[in-house]
Amino acid sequence: MYGRTRVDAALKASRPGEELLVKGWVRTVRVGKEVTFLSVNDGSCMAGLQVVVEPTLPNYQDVCRLGTGSAIAVRGTLRESPAAGQKYELAADELEIIGPADDSYPLQKKRHSFEYLRTITHLRPRTNTFGAVFRVRSSLAQAVHRFFAERGFLYVHTPIITANDCEGAGELFRVTTLDMAKPPLAAGEVDYSGDFFAQATGLTVSGQLEGELFAQAFSDIYTFGPTFRAENSNTARHAAEFWMIEPEMAFADLMADAALAEDFLRFLCRHVLDNCGEDMAFFNEQIDKGLLERVRAVADSSFAVMEYTEAITHLKKAKVPFAFPVEWGLDLQSEHERYITEKVVGGPVFLVNYPRDIKAFYMRQNDDGKTVAAMDLLVPKVGEIIGGSQREERLDLLLERMAETGINEEGLWWYLDSRRWGSCPHAGFGLGFERLLMYLTGMENIRDVIPFPRTPRHAEF
RNA sequence: UCCCCAAUAGCUCAGUCGGUAGAGCGGGUGGCUGUUAACCACCAUGUCCCUGGUUCGAGUCCGGGUUGGGGAGCCA
């Protein structure tokens, strides 16, 4: 006997005349008196396998009534297809209906809107687009690990439950076992001393601070895991639960950090071009016509570097009207970032050395006394895709910044310890995995690149 | 959280000047066909998002709400 063959293997690796067992879900049925055609997909690739069924099959009548979405098993012979449209087809000797689907199956053999498909999040992976999205997502996740593994980076699992809110990067989701109906109070506030962890805890907004500790032991490390923000953000680019990649390098400065980010992004572009060809071609055709050209350009280009101060000069000279003011010391808005990367540079660009007052407490102060060693990577069409910095390794300066920005020392005593013994220059960055996916697939809504998106008011499935 | 837009058949949508509902796809039936999200004919299918108002009359105009989408802020 022989085992089950996946559709991609049947189409690529099999020889005509070979007897195969294929299992999958019916996408289309074309019924005739003399012959019926089924297209079977099992998720292994975009393409379906054409199954040819002759009326001599004992259950031919049942096969003709098969609905889109049915699960079937087909034993048959692979042969070259006499008709155009596919190279190979499977001539069925036996067809088992494993799980039928009736006409109430919500997915039809036609185009559906992404909005509608979000209402059937549990079924949308069976569509062409989401099949492609989640194959690319999986492949890209593995490429992330390969990139860092090849460079000797340690993969560290930073905690999901945490008692510190990092830089105040975002609102924390509370984690508690206290009785929500009547929480214990002390001086008018919730008393967490009786809670599971005997203190207020939440879901992590970043693994960076813990990552820095590991970098100061293993030199080069990265995290890649879920991150949570309880922000009431209602946009196509924000989710309450998303995955973030955060490398951290010891004995590295801002330029080394930027170099790593550039290598990383180009590696991932190269990866999807080389390994996800069929799915990328689909995105280029159906989702975003300029996608392949853009991804190839990034894979082959070297990224520009521009000082924040220089960016402000460009923006002040800009002929286009901006909705938000441009002034040295103010943060750049989306419209400004896109102007710089699209109009001024025309490609990926690192903006570096931002005013210290608009950046986080842990970023290293530059000698000018005004700026910090921060960098943002801006790319056309998206804007900021990577944010990073060299960290402040000098204890006195770090304490000074914490005091200025109102960060509580006591909760971060362990972080400060890393600056007490063996402190060293180090730098890292953060990359939102979903935003990377949006960039590499052309998908325009973050809800459509996460298997089961969590956004304000939405945690179903 | 703020601004803008939308909601009509299972899905995608049209619906003119306010006069009581349409197409394509999907479904059913029949035909045809080595077919390609097949094709041809016929048939069935509506809480026009909810609510209040204006009007002789509201899918259509106005107010309130709900849901969805786009943009902004926050950020990754």
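Order of the sequence lines sets the chain letters (A, B, ...), proteins ahead of strands, with each chain counted from 1. Keep in mind that the numbers below use all heavy atoms, side chains included, and drop hydrogens, waters and symmetry copies.
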Position toward the 5' end of RNA chain B (nearest nucleotide), A:P106 or A:N232:
A:N232
Given B:G70, B:G27, B:C75, the nucleotide with the shortest approach to the side chain of A:N445
B:G70
Regarding B:G24, can its base be found pairing with the side chain of A:R111 as donor and acceptor, where the two atoms are less than 3.5 Å apart?
no
Sticking with atom C1', work out how far B:C48 lies from B:A14, rounded to a whole angstrom.
13 Å
On the nucleotide B:U36, are OP1 or OP2 found under 4.0 Å from the side-chain N or O atoms that A:R27 carries?
no
What integer number of Å spans the C1' atoms of B:U67 and B:U8?
16 Å
Gap in Å between the two C1' atoms, one belonging to B:C32 and one to B:G69, rounded
43 Å
Report yes if a donor N or O on one partner sits less than 3.5 Å from an acceptor N or O on the other, where the partners are the side chain of A:Q108 and the base of B:G10; otherwise report no.
yes
So what does A:R79 hit on the nucleic acid, given a heavy-atom distance under 4.0 Å: a base, only sugar-phosphate, or nothing?
base
How many Å lie between CD on A:E54 and P on B:U35, as a whole number?
14 Å
With no angle test and no hydrogens, is the base of B:C74 tied to the side chain of A:S233 by a donor-acceptor pair under 3.5 Å?
yes
Does A:E80 come within less than 4.0 Å of A:K87, counting only side-chain N to carboxylate O?
no
Can you check whether A:R30 has a side-chain N or O nearer than 4.0 Å to OP1 or OP2 of B:U36?
no
In whole angstrom, give me the gap between the P atoms of B:G65 and B:C5.
15 Å
What integer number of Å spans the P atoms of B:A23 and B:A44?
11 Å
Once you round it to whole Å, what is the distance between P of B:G68 and CG of A:D448?
14 Å
Output the rounded distance in Å from CD (A:E171) to P (B:G73).
18 Å
What is the distance, rounded to the nearest whole Å, between atom CG of A:N234 and atom P of B:G70?
11 Å
Reckon A:A323 touches a base, only the sugar-phosphate, or nothing at all at heavy-atom distances under 4.0 Å?
nothing
Using a strict cut-off of less than 4.0 Å between a Lys/Arg side-chain nitrogen and an Asp/Glu carboxylate oxygen, indicate whether A:R401 and A:E404 qualify as a salt bridge.
yes
Can you check whether A:H458 has a side-chain N or O nearer than 4.0 Å to OP1 or OP2 of B:G68?
yes
Integer angstrom distance from the C1' of B:U16 to that of B:C74
45 Å
Measuring only the P atom in each nucleotide, how far is B:A72 from B:C17? A whole number of Å is fine.
34 Å
SB check A:E248 A:R391 (cutoff 4.0 Å)
yes
Between the base of B:C75 and the side chain of A:H238, is one N or O donor paired with an acceptor at under 3.5 angstrom?
yes
Counting just side-chain N and O atoms, does A:S334 come under 4.0 Å of either OP1 or OP2 of B:G73?
yes
Rounded to the nearest angstrom, tell me the gap between atom CG in A:D376 and atom P in B:C75.
11 Å
Aromatic ring proximity, centroids under 6.0 angstrom, A:F264 and A:Y222
no
Name the orientation class of the two ring planes belonging to A:Y308 and A:Y354 (parallel below 30°, tilted from 30 to 60°, perpendicular beyond 60°).
tilted
Nearest-nucleotide pick for A:A83, side chain only, options being B:G34, B:A37, B:G73
B:G34
Distance, rounded to the nearest Å, where A:N128 contributes CG and B:U36 contributes C1':
14 Å
May I ask you to verify whether the side chain of A:E115 and the base of B:U67 hold a donor-acceptor pair under 3.5 Å?
no
What is the base-pairing partner of B:C42, counting Watson-Crick and G-U wobble geometry with both distances under 3.5 Å?
B:G28
Looking at A:K109, I'd like to know whether one of its side-chain N or O atoms comes within less than 4.0 Å of OP1 or OP2 on B:A38.
yes
Per atom distances to the A:K110 side chain, the nearest of B:C74, B:G24, B:G34 is B:G24
Checking side-chain polar atoms at under 3.5 Å, does A:Q50 have a donor or acceptor matched by the opposite partner on A:R30?
yes
Could you measure between the two P atoms, the one in B:G34 and the one in B:G10, and give it in whole Å?
36 Å
When every non-hydrogen atom of A:Q286 is compared with those of A:R111, the smallest separation belongs to OE1-NH1, 3.2 Å
Separation of A:R229 atom CZ from B:C74 atom C1', in whole Å?
10 Å
What nucleotide among B:G73, B:A38, B:G34 has an atom nearest to a side-chain atom of A:F37?
B:G34
Could you work out which one of B:A38, B:C11, B:G70 sits closest to the side chain of A:T28?
B:A38
Base, sugar-phosphate, or nothing for A:S113, non-hydrogen atoms under 4.0 angstrom?
sugar-phosphate
Is it true that a side-chain atom of A:D42 and a backbone atom of A:V7 form a donor plus acceptor pair closer than 3.5 Å?
yes
Under 3.5 Å donor-acceptor pair, A:Q50 side-chain atoms to B:U35 base atoms
yes
Mate of B:A9 where both pairing distances stay under 3.5 Å, Watson-Crick or G-U
none
If B:G52 has a Watson-Crick or G-U wobble mate with both distances under 3.5 Å, name it; if not, just say none.
B:C62
Atom OH of A:Y116 and atom P of B:A6: how far apart are they, to the nearest Å?
24 Å
A:R447 has a side chain; which of B:G70, B:U36, B:C75 sits nearest to it?
B:G70
